[in-house]
K.L.:
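Here it is: the structure, laid out below.
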Amino acid sequence: MDTPYQPELIEAAAQQHWDSAHAFEVDEDDSKEKFYCLTMFPYPSGKLHMGHVRVFTISDVIARYQRMQGKHVLQPMGWDAFGMPAENAAIKRGVPPAQWTYENIDDMRGQMRRLGFAYDWTRELTTCRPEYYRWEQWLFVRMFAKGLVYRKNSVVNWDPVDQTVLANEQVIDGRGWRSDALVERREIPQWFMKITAYADELLDELDRMPGWPESVKTMQRNWIGRSEGLELSFDVVGEEEPLTVFTTRPDTLFGVTYMAVAAEHPLATKAAASNPEIAAFIEECKKTDAAEATLETMEKKGMPLGISAIHPLSGEEVPLWVANFVLMSYGTGAVMAVPGHDARDWEFAKKHGLPIVQVVAPADGTSIDVEESEYLEHGVLVNSGDYDGMDFDTAFNAIADYFESNDRGRRTINYRLRDWGVSRQRYWGAPIPIIYCDDCDAVPVPEDQLPVVLPEDVEFTGHGSPLQDIPEFVNAPCPQCGKPARRETDTFDTFVESSWYFARYACPDNDQAMLDERAAYWTPVDQYTGGVEHAILHLLYARFFQRVMRDEGLTDVSEPFTNLTTQGMVLKDGAKMSKNKGNTVDPQELIARYGADTVRLFMMFAAPPEQALEWSDDGVQGSFRFLKRFFAAVTEHAAAGPVEPLDIAVLSAAQKDLRRKTHQTIAKISDDIGRRYTFNTAVAASMELLNSINRFDDESVSGRAVKHEALEAVVLMLSPIVPHICHELWSVLGHDSAAIDVPWPALDKGALQQDEVEVVLQVNGKLRGRISVAADADDETVTAQALADPNVQKHIGDKAIRKTIVVPGRLVNIVV
RNA sequence: GCCGGGAUGGCGGAACUGGUAGACGCGCUGGAUUCAAAAUCCAGUUUCCGAGAGGAAGUGGGGGUUCGAUUCCCCCUCCCGGCACCA
């Protein structure tokens with residue numbers, strides 16, 4: 001390339017300087033304010049993709065900016081190394097998952113180094129290493145002792161041909177991705193963590209997290225789904241056990257015209273035993289995958305069980321149905337149906353000819369017809385016996401009181417949140433530290449026998465977990481009685497590893513404890529950046545684990561992430577980049593062609609972090625072009641010789657203008673990077689300032705001094721985004737210090753002073769002209785000048801002025 | 001289906017607290033430079049009317065509040081993310 005800007009040389013030199021100075025390795029220095037800047041760590045899938053480059057650059061810009069503010073900044077990096085893709089690669093290519101994973105990590109680490117991220121590599125973590133996962137095994141054992149983990153049956157996707165459990169992702173249109181067989185729901189025993197024990201705290205604390213986006217907090221609130229209601233039971237004709245249901249609308253109780261249970265419910269199973277049609281229906285219900293989206297979008301189907309429940313207030317019989325939209329894992333696996341006042345119940349009742357009864361009427365007396373559509377609002381009770389005429393609250397309390405005093409129900413708080421199932425029937429994960437003994441049942445592995453190490457050298461077939469075929473792994477003595485017993489072969493959900501890694505970066509080398517006093521120094525994370533797709537699961541699990549660690553005495557911190565930024569996806573041609581679509585762009589090629597700084601600059605310039613970023617090859621060219629102009633401007637200025645110190649007392653109007661532009665830009669970019677995280681407008685402001693510098697043709701002593709100040713400001717302010725070229729240009733400007741060690745440029749408010757300001761003139765809110773007025777002019781003076789404007793006069797005409805609005809320094813609006 | 005978000009020129013985006021819509025960049029058009037090209041530099045670039053001054057329309061669609069709405073409220077359409085075993 002025919003340009004004096006040679007990124008490959010400049011970037012190698014800057015990186016070499018940072019490496020040899022150990023610039024980004026940090027200790028626990030109490031004399032400085034700490035800043036912990038973290039990116040969601042990547043799954044080592046092969047090579048870096050553009051989404052990675054984007055999120056790492058966002059975080060790196062923040063880290064480098066905070067360092068220039070004088071903070072003691074930690075920015076670590078590691079690998080979320082367990083997961084399904086390693087198993088898939090193993091099946092496809094016959095490479096053991098561990099080997100595939102470690103090779104990917106080496107490749108990706110190399111690419112990250114080439115991009116110049118300011119990481120403290122001495123703290124690198126890899127979650128598939130026993131020295132890491134032993135501590136989550138340890139915490140699991142402690143949770144077991146506290147009753148925070150338990151085992152229960154739960155539903156999985158079962159591929160009847162491959163005889164294996166499938167992830168939701170591996171089910172395509174209800175069929176196994178490899179076998180193409182219809183997937184079935186199957187119940188197997190699995191381990192759960194009691195996240196619901198922390199539901200209230202996880203919910204309440206959201207109100208005290210100003211550093212998180214409102215949208216993420218709202219999603220978490222809705223996910224936890226706290227609702228107050230009544231748990232009540234219906235007697236079932238011919239059954240000992242009553243049927244218990246939960247409702248948030250006890251005021252609609254008289255509107256119950258049927259009830260529905262899940263296909264797996266014992267009452268359904270019992271009815272199926274004597275009725276082949278019901279048995280067939282239940283089998284059909286099970287022939288679907290376990291994803292909630294499937295369940296909620298599929299056709300609502302049901303069948304009467306031929307049994308009745310007794311309405312607890314009216315004493316009438318209501319029919320009991322089995323329905324595919326009721327899930328055994330939600331609440332009690334049974335619901336009461338009020339078609340007059342619930343949309344799903346209404347639709348189902350219409351389809352199956354079930355009665356619809358109105359029991360709530362609008363409070364304002366308007367009439368409604370529940371045969372036409374359901375009525376969801378709170379109102380006044382009708383057709384409800386003694387409760388007629390009551391409003392929602394009165395009826396709720398009266399009915400709840402009745403059930404509680406008769407011991408037939410109780411007020412209760414229900415959560416949509418379910419306990420976290422952590423068992424995976426897969427090989428490439430952290431072993432769950434449990435041994436099954438015929439006499440002692442499930443026994444946790446004692447702490448002194450941890451870690452339970454996952455064998456890495458395995459034969460991988462894809463049919464079930466290879467762990468089951470390794471006798472040395474499976475056979476173990478019972479820790480309690482010593483008799484021969486069997487190890488759990490399920491492994492942890494990989495979300496377990498990512499629920500605590502942020503704390504472990506503080507002390508990755510500690511082989512005596514999960515966390516130590518270094519974690520007390522660094523946590524909580526000050527700035528956490530990652531994909532919005534993690535808004536619920538990962539972030540909620542991490543908040544849960546932080547509290548479990550706190551209650552274990554490992555930390556005083558309750559909330560792991562003080563500030564959260566969720567970045568948008570990188571798109572090409574309007575779609576997410578993916579290998580399947582063939583619309584990927586390889587960062588490696590771009591770096592080779594333009595250098596790391598160009599790629600970083602484009603990523604920050606093309607869109608603000610939270611928005612989706614549309615990839616553009618031409619846009620990358622534009623970023624490269626800007627860096628060439630930037631490089632030329634600085635080197636040409638420096639080549640003209642040394643610069644005299646700036647004397648602000650002797651500046652011309654044009655020199656003052658450039659100085660004003662410089663300091664306006666310092667104010668803007670400080671705000672854009674420091675507060676708003678709008679790096680795109682920060683880059684735009686730098687471009688504007690550089691354009692002003694290039695137009696500023698003044699080689700006088702004062703002119704060169706003003707220009708020098710402006711160029712230094714641009715170099716420093718761009719250095720978080722394009723650190724390599726700024727490292728070079730800072731030295732070109734004659735400094736011995738490294739740009740990385742220089743503080744952020746200071747704002748001179750005096751330079752912002754302006755004698756005249758432009759004011760916009762409007763008539764009836766429409767733009768009719770603009771005038772220049774003295775900056776300190778009062779409203780009357782400005783109004784008089786506005787009225788004197790010929791075009792304003794023309795639009796006022798002979799109409800009377802009704803009102804004049806003056807926004808000082810901005811506009812005058814004449815209303816006629 | 002439910003929860004969250006989004007929609008602004010030919011394209012990416014800007015307009016932060018209700019106050020000049022389109023900053024900055026890309027692309028395009030014209031010009032300079034060149035034997036030529038690349039690169040670079042200069043000028044123009046929302047649409048329509050107008051020679052110009054200027055005028056009209058305009059921020060997914062429909063309504064509302066306001067002197068003034070991309071911004072606030074109501075309804076709708078389409079797109080994206082999540083929905084508990086992708087990470």
K.L.:
For a quick check, tell me whether the side chain of A:E533 and the base of B:rC86 share a donor-acceptor pair closer than 3.5 Å.
P.N.:
no
K.L.:
Which letter, B, S or -, goes with each nucleotide of nucleotides 49-60 of chain B from 5' to 3', with contact meaning a protein heavy atom under 4.0 Å?
P.N.:
-----SSSS---
K.L.:
Of the candidate nucleotides B:rG81, B:rC85, B:rU20, which contains the atom at the shortest distance from the side chain of A:Q762?
P.N.:
B:rU20
K.L.:
Under 4.0 Å, counting only non-hydrogen atoms across every strand here, what does A:F495 touch: a base, just sugar-phosphate, or nothing?
P.N.:
base
K.L.:
In terms of side-chain heavy atoms of A:A291, which of B:rA87, B:rA84, B:rG81 is nearest?
P.N.:
B:rA84
K.L.:
Report the distance from atom CD of A:Q425 to atom CH2 of A:W158, rounding to the nearest 0.5 Å.
P.N.:
9.0 Å
K.L.:
Partner of B:rC2 by Watson-Crick or G-U wobble geometry, both contacts under 3.5 Å, or none?
P.N.:
B:rG82
K.L.:
Taking CZ in A:R810 as the centre, count heavy atoms belonging to other residues, nucleotides or ligands within less than 6.0 Å. Is the count above 12?
P.N.:
no
K.L.:
I'd like to compare against my own output: the B/S/- annotation of nucleotides 3-13 of chain B with a strict under-4.0 Å heavy-atom distance to protein.
P.N.:
SSS------BS
K.L.:
Check every strand shown and say whether A:K668 touches a base, only sugar-phosphate, or nothing at a heavy-atom separation below 4.0 Å.
P.N.:
base
K.L.:
Applying a 4.0 Å non-hydrogen cut-off, can you work out what A:V760 is touching in the nucleic acid: base, sugar-phosphate, or nothing?
P.N.:
base
K.L.:
If you check every side-chain atom of A:A167, which of B:rC86, B:rG27, B:rG25 has the closest atom?
P.N.:
B:rC86
K.L.:
Determine the contact category for A:T678: base if any of its heavy atoms lies under 4.0 Å from a base atom, sugar-phosphate if only primed atoms, P, OP1 or OP2 are that close, otherwise nothing.
P.N.:
nothing
K.L.:
Given B:rG1, B:rG19, B:rA23, which nucleotide is nearest the side-chain atoms of A:E688?
P.N.:
B:rA23
K.L.:
Quick one: A:Q567 CD to B:rC80 P, roughly how many Å, whole number?
P.N.:
18 Å
K.L.:
Using side-chain heavy atoms (C-beta onward) and a distance below 4.5 Å, is A:R151 in contact with A:F192?
P.N.:
no
K.L.:
Considering heavy-atom distances to RNA chain B, does A:R802 or A:T681 have its closest nucleotide positioned more toward the 5' end?
P.N.:
A:T681
K.L.:
Indicate whether the side chain of A:E758 and that of A:S772 have a donor and an acceptor atom separated by less than 3.5 Å.
P.N.:
no
K.L.:
From the options B:rA84, B:rG1, B:rC16, select the nucleotide whose nearest atom is closest to the side chain of A:L537.
P.N.:
B:rA84
K.L.:
Test A:F495 against every option in A:F545, A:W420, A:Y541 by the ring pair (Phe, Tyr, Trp, His ring centres under 6.0 Å) rule and name the one that passes.
P.N.:
A:Y541
K.L.:
When you get a sec, tell me which of B:rC86, B:rG1, B:rC67 is the closest nucleotide to the side chain of A:I805?
P.N.:
B:rC67
K.L.:
Quick check for you: among B:rC24, B:rC85, B:rG27, whose closest atom lies nearest to any side-chain atom of A:M687?
P.N.:
B:rC24
K.L.:
Of all the choices, B:rA87, B:rA15, B:rG1, which nucleotide is nearest to the side chain of A:E296 once you look at every atom?
P.N.:
B:rG1
K.L.:
Could you check which of B:rA15, B:rA39, B:rC85 has an atom nearest any side-chain atom of A:K628?
P.N.:
B:rA39
K.L.:
Base, sugar-phosphate or nothing for A:L417? Non-hydrogen atoms, less than 4.0 Å.
P.N.:
base
K.L.:
Measure the acute angle between the ring planes of A:W428 and A:F82, then classify it against the limits of 30° and 60° as parallel, tilted or perpendicular.
P.N.:
perpendicular
K.L.:
Once rounded to the nearest 0.5 Å, what's the spacing between atom OH of A:Y43 and atom OG of A:S498?
P.N.:
13.0 Å
K.L.:
Which part of the nucleic acid, if any, lies within contact of A:R625, taking any heavy atom under 4.0 Å across all strands shown: a base, the sugar-phosphate backbone alone, or nothing?
P.N.:
sugar-phosphate
K.L.:
Checking contacts here: which listed nucleotide (B:rC41, B:rU20, B:rG81) is nearest the side-chain heavy atoms of A:M569?
P.N.:
B:rG81
K.L.:
If you compare every side-chain N and O of A:R186 against the phosphate oxygens of B:rC85 (OP1, OP2), does one of them come in below 4.0 Å?
P.N.:
no
K.L.:
Compute whether any side-chain donor of one residue and acceptor of the other, for A:S179 and A:D162, lie under 3.5 angstrom apart.
P.N.:
no
K.L.:
Under a 3.5 Å cutoff, is there a donor and acceptor pairing between the side chains of A:N414 and A:S227?
P.N.:
no
K.L.:
For A:Y132 and A:W500, take the angle between the two ring planes, folded into 0 to 90°, and tell me which bin it lands in: parallel under 30, tilted 30 to 60, perpendicular over 60.
P.N.:
parallel
K.L.:
Does the side chain of A:N813 get closer than 4.0 angstrom to OP1 or OP2 of B:rU20 through an N or O atom?
P.N.:
no
K.L.:
Would you tell me if any nitrogen or oxygen in the side chain of A:R770 comes within less than 4.0 Å of OP1 or OP2 on B:rU20?
P.N.:
no
K.L.:
What is the base-pairing partner of B:rU45, counting Watson-Crick and G-U wobble geometry with both distances under 3.5 Å?
P.N.:
B:rG27
K.L.:
Given the structure, check if the side chain of A:D493 and the base of B:rC85 hold any donor-acceptor pair shorter than 3.5 Å.
P.N.:
no
K.L.:
Expressed in angstrom and rounded to an integer, what is the separation of A:E292 atom CD from B:rC86 atom P?
P.N.:
14 Å
K.L.:
What contact category does A:H534 fall into here, base, sugar-phosphate, or nothing, at under 4.0 angstrom with non-hydrogen atoms?
P.N.:
base
K.L.:
Looking at B:rC16, does its base get a donor-acceptor pair with the side chain of A:R675 below 3.5 Å?
P.N.:
yes
K.L.:
Begin with the C-alpha distance, continue with both residues' side-chain angles, and end with the deciding distance and a verdict on salt bridge (charged side-chain N to carboxylate O under 4.0 Å, His left out) for A:E264 and A:K286.
P.N.:
CA-CA 9 Å; A:E264 289 91 350; A:K286 288 180 178 175; 5.6 Å; no
K.L.:
As an exercise, state the distance from OG1 of A:T196 to CD1 of A:I224, rounded to the nearest 0.5 Å.
P.N.:
11.0 Å
K.L.:
Base, sugar-phosphate, or nothing for A:Q621, non-hydrogen atoms under 4.0 angstrom?
P.N.:
nothing
